[in-house]
Engineer: 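Would you mind keeping the following structure in view while I ask a few things?
Scope of the values below: all heavy atoms of this structure, side chains included, with no hydrogens, waters or symmetry mates. No experiment lies behind these values; they were computed from the predicted model shown. Letters go in sequence order (proteins before strands), and every chain restarts at 1.
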Amino acid sequence: MQIIEQKKAFQQALLSWYEAEKRDLPWRRTNNPYYIWISEVMLQQTRVDTVIPYYERFIEKFPTMQDLSEAKEEEILKMWEGLGYYSRVRNLQSGVREVVETYGGEVPNTREKISALKGVGPYTAGAILSIAYGVPEHAVDGNVMRVLSRILLIEEDIALPRNRKIFEQAVMELISEEDASSFNQALMELGAVICTPNPRCLLCPVRDFCIAFEEGKQQQLPIKLKKQKKKYVSLAAFAIQNEEGKWLLQKRPGTGLLAGLWEFPMVELQELDAVETFEKDTGLKLKKVTELTRFSHLFSHITWDIHAYRAQLEDVTSKEPLNFYTKEQIEALPKSKPVMKIIESIDW
DNA sequence: GAGCCGTGGTA
DNA sequence: TTACCAAGGCT
């Protein structure tokens, strides 16, 4: 394989470009393994521009692992509000607690130990090891698979998990032992700004090493076959006020979609009328029902069609205790995007 | 291994 | 508007 023979030249071209062109990102100004860890978790399936303000606020609120360890779930969810994939922050806290308790507050520096931490998979383990500690370990994400599939003309389906090891082995062949941190970040940076899905090959620092470019196949790579079908769910949400003007809110279950976030009571609609379905499902009686808004919210795998209503309770005596909150209290609770959209439609 | 788990940007 | 994407991991 010709690129292996030119390994040193490839490394130099890539690293020189990275040193000259790399973006000035907050987490590139530190080697603190805890901060690198936070950034890597936030960056999972999430764009750099989105992450930056969350990262800044998070390390300001929880500057040390001790601080994060002692935080309440409500606090950490609030700091994650709007970022998505909320289990990430619970797993992060769980992993940090384990480091504090088991490793004396020192993030371990071997793949085996660090991979055992909650929320740390093969990519994040390699990223922390190489970026924070300089360990020459692979950190294969979507960028790296796209970049290497082109440079090495790897035509295996990157949607299949078992093909990851092809790319991990390739990185271990090519990685710079002297600067594993910059090498791994450079591959990702290249994928983020040059070797994008629509590649800008004329600006590429390693064009001369790219087999796909040589053969004009860069647009056809990477091969990604799997595509998911979406589910559609129709929901009715009710913003219900009591006599004091407070609003009925409930917390979602601790696992699953939008786990632990707060929302107005919702029911899934089949054929029945929204009010009828709600009263049947909850045992509550509504009055003064008016329509608030209707919109769709797209998740990665589900589409919610939400009908939102404003209402009051006909019968305040309920078997279960109902919790009502003021506008100020609601603003302080962690909420999902759909809920925030409903709130925006309310004429307070 | 396939499905689940958010959100915002982009063509 | 639709579809796909973006520094993945868990079950």
Engineer: Yes or no on side chain to side chain contact (heavy atoms under 4.5 Å, CB included) for A/Leu333 and A/Leu249, after CA distance, side-chain angles and deciding distance?
Structural biologist: CA-CA 10 Å; A/Leu333 292 170; A/Leu249 231 62; 3.8 Å; yes
Engineer: Expressed in angstrom and rounded to an integer, what is the separation of A/Gln45 atom CD from C/dG8 atom C1'?
Structural biologist: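 So the CD-C1' distance, A/Gln45 to C/dG8, works out to 5 Å.
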Engineer: Could you check whether A/Tyr325 and A/Trp262 have their ring centres less than 6.0 Å apart?
Structural biologist: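 Ring-ring flag for A/Trp262/A/Tyr325: true, centres closer than 6.0 Å.
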Engineer: When you check the phosphate oxygens OP1 and OP2 of C/dC10, does a side-chain N or O of A/Arg88 lie under 4.0 Å from one of them?
Structural biologist: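 False: A/Arg88 side-chain N/O out of range (4.0 Å or more) of C/dC10 OP1/OP2.
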Engineer: So, is A/Ser87 near the phosphate of C/dG9, with a side-chain N or O under 4.0 Å from OP1 or OP2?
Structural biologist: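 Negative; the distance criterion is not met.
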Engineer: What is the distance from atom CZ of A/Phe278 to atom CE of A/Met266, rounded to the nearest 0.5 Å?
Structural biologist: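 These two atoms lie 11.5 Å from each other.
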Engineer: Using a 4.0 Å heavy-atom cut-off across all strands, classify A/Val120 as base, sugar-phosphate, or nothing.
Structural biologist: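 It contacts sugar-phosphate atoms only.
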Engineer: Are A/Phe10 and A/Met172 connected, step by step, through hydrophobic side chains (Ile, Leu, Val, Met, Phe, Trp, Tyr) whose heavy atoms are closer than 4.5 Å?
Structural biologist: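 A/Phe10 and A/Met172: separate clusters.
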Engineer: What is the distance, rounded to the nearest whole Å, between atom CG of A/Leu160 and atom P of B/dA2?
Structural biologist: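 Those two atoms, CG and P, are 7 Å apart.
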Engineer: I want to check one thing: is the phosphate of B/dT7, taken as OP1 and OP2, less than 4.0 Å away from some side-chain N or O of A/Tyr86?
Structural biologist: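 For A/Tyr86, the contact criterion (side-chain N or O under 4.0 Å from OP1 or OP2 of B/dT7) is met.
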Engineer: Hey, does A/Leu25 reach any base, or is it just sugar-phosphate, or nothing, if we go heavy atoms under 4.0 Å?
Structural biologist: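 Base, at least one base atom sits under 4.0 Å.
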Engineer: Among A/Tyr35, A/Tyr55, A/Trp37, which residue meets the ring pair (Phe, Tyr, Trp, His ring centres under 6.0 Å) test with A/Trp27?
Structural biologist: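 That would be A/Tyr55.
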Engineer: Among residues 27-42 of chain A, which residues get a heavy atom nearer than 4.0 Å to DNA chain C?
Structural biologist: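 Correct list: A/Trp27, A/Arg28, A/Glu40.
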Engineer: Could you say whether A/Leu117 or A/Thr196 is positioned toward the 5' end of DNA chain C, judged by the nucleotide with the nearest heavy atom to each?
Structural biologist: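 Counting from the 5' end, the first nearest nucleotide belongs to A/Thr196.
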Engineer: Using the P atom in both, what is the distance from C/dA6 to B/dC5, to the nearest Å?
Structural biologist: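 Result for the P pair: 23 Å, nearest Å.
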Engineer: Spell out, as yes or no, whether a donor-acceptor pair under 3.5 Å connects the side chain of A/Asp67 to the backbone of A/Thr64.
Structural biologist: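 A pair under 3.5 Å: yes.
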Engineer: Can you check the distance between C/dC5 and B/dG6, where both ends of the measurement are the C1' atom (answer in whole Å)?
Structural biologist: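 About 13 Å, rounded to a whole number of Å.
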Engineer: Within 45 degrees of the axis of the six-membered ring of A/Tyr103 and under 6.0 Å from its centre: does A/Lys113 put its NZ or CZ there?
Structural biologist: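 Geometry flag: not set, cation outside 6.0 Å or 45°.
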Engineer: If we ignore hydrogens and angles and just use 3.5 Å, is the side chain of A/Ser115 paired with the main-chain N or O of A/Arg111 as donor and acceptor?
Structural biologist: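 Answer holds: yes.
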Engineer: Using whole Å, report how far CD of A/Gln44 lies from P of B/dG8.
Structural biologist: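 Rounded to the whole Å, the gap is 18 Å.
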Engineer: When you get a sec, tell me which of B/dG6, C/dA6, B/dG8 is the closest nucleotide to the side chain of A/Thr46?
Structural biologist: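 Given the options B/dG6, C/dA6, B/dG8, the side chain of A/Thr46 is closest to B/dG6.
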Engineer: Rounded to whole Å, please give me the gap between CG in A/Asp305 and P in C/dT2.
Structural biologist: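 Answer to the nearest Å: 12 Å.
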Engineer: Where each residue is assigned the nucleotide of DNA chain C containing its nearest heavy atom, which of A/Lys224 and A/Thr124 is assigned the position nearer the 5′ end?
Structural biologist: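 Result: A/Lys224.
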Engineer: Mind checking if A/Arg164 touches a base, just sugar-phosphate, or nothing, with heavy atoms under 4.0 Å?
Structural biologist: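 Answer is nothing: A/Arg164 stays at 4.0 Å or more from every strand.
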Engineer: Return whichever of A/Pro161 or A/Gly82 has its heavy-atom-nearest nucleotide of DNA chain B closer to the 5' end.
Structural biologist: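 Closer to the 5' end of DNA chain B: A/Pro161.
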Engineer: Measure from OH on A/Tyr123 to P on C/dG9 and round the result to the nearest Å.
Structural biologist: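 Computing the A/Tyr123:OH to C/dG9:P distance gives 8 Å.
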Engineer: Between C/dC5 and A/Arg47, is there an OP1 or OP2 to side-chain N/O distance shorter than 4.0 Å?
Structural biologist: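 Answer no for this pair, as no side-chain N or O of A/Arg47 is under 4.0 Å from OP1 or OP2.
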Engineer: Which part of the nucleic acid does A/Leu258 contact within heavy-atom distance under 4.0 Å: base, sugar-phosphate only, or nothing?
Structural biologist: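 Since only primed, P, OP1 and OP2 atoms lie under 4.0 Å of A/Leu258, the category is sugar-phosphate.
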Engineer: CZ of A/Arg23: more than 12 outside heavy atoms within 6.0 angstrom?
Structural biologist: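 More than 12 within 6.0 Å, yes.
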Engineer: Given B/dG6, is OP1 or OP2 found less than 4.0 Å from the side-chain N or O atoms of A/His297?
Structural biologist: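 Negative; the distance criterion is not met.
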Engineer: For DNA chain C, find the residues of residues 167-185 of chain A with a heavy-atom distance under 4.0 Å and give them by number; none if there aren't any.
Structural biologist: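 Nothing qualifies; none.
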Engineer: Of the candidate nucleotides B/dG6, C/dA6, B/dG8, which contains the atom at the shortest distance from the side chain of A/Leu257?
Structural biologist: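 It is B/dG6.
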Engineer: Nearest heavy atom decides the nucleotide; on that basis, is A/Thr50 or A/Ala159 closer to the 5' end of DNA chain B?
Structural biologist: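 That would be A/Ala159.
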Engineer: Just to confirm, is there a sub-4.0 Å distance from OP1 or OP2 of C/dC10 to any side-chain nitrogen or oxygen of A/Lys118?
Structural biologist: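 So the side chain of A/Lys118 is outside the cut-off, no N or O lying under 4.0 Å from OP1 or OP2 of C/dC10.
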Engineer: Measure OH/A/Tyr232 against P/C/dT2 and give the value in whole Å, please.
Structural biologist: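 About 7 Å, once rounded to whole Å.
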Engineer: Rounded to the nearest angstrom, tell me the gap between atom CD1 in A/Ile158 and atom P in C/dG8.
Structural biologist: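 It is 11 Å, rounded to the nearest whole Å.
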Engineer: Just the rounded figure in Å: distance from P of B/dG6 to CG of A/Leu43.
Structural biologist: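 It works out to 18 Å between those atoms.
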Engineer: Is the backbone N or O of A/Ile76 less than 3.5 Å from a side-chain atom of A/Arg90, with the two atoms forming a donor-acceptor pair by type?
Structural biologist: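 Checking the backbone N and O of A/Ile76 against the side chain of A/Arg90, no donor-acceptor pair under 3.5 Å is found.
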Engineer: Taking only Lys NZ, Arg NE, NH1 and NH2, and the carboxylate oxygens of Asp or Glu, determine whether A/Glu81 and A/Lys78 approach each other closer than 4.0 Å.
Structural biologist: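 Yes, A/Glu81 and A/Lys78 are salt-bridged.
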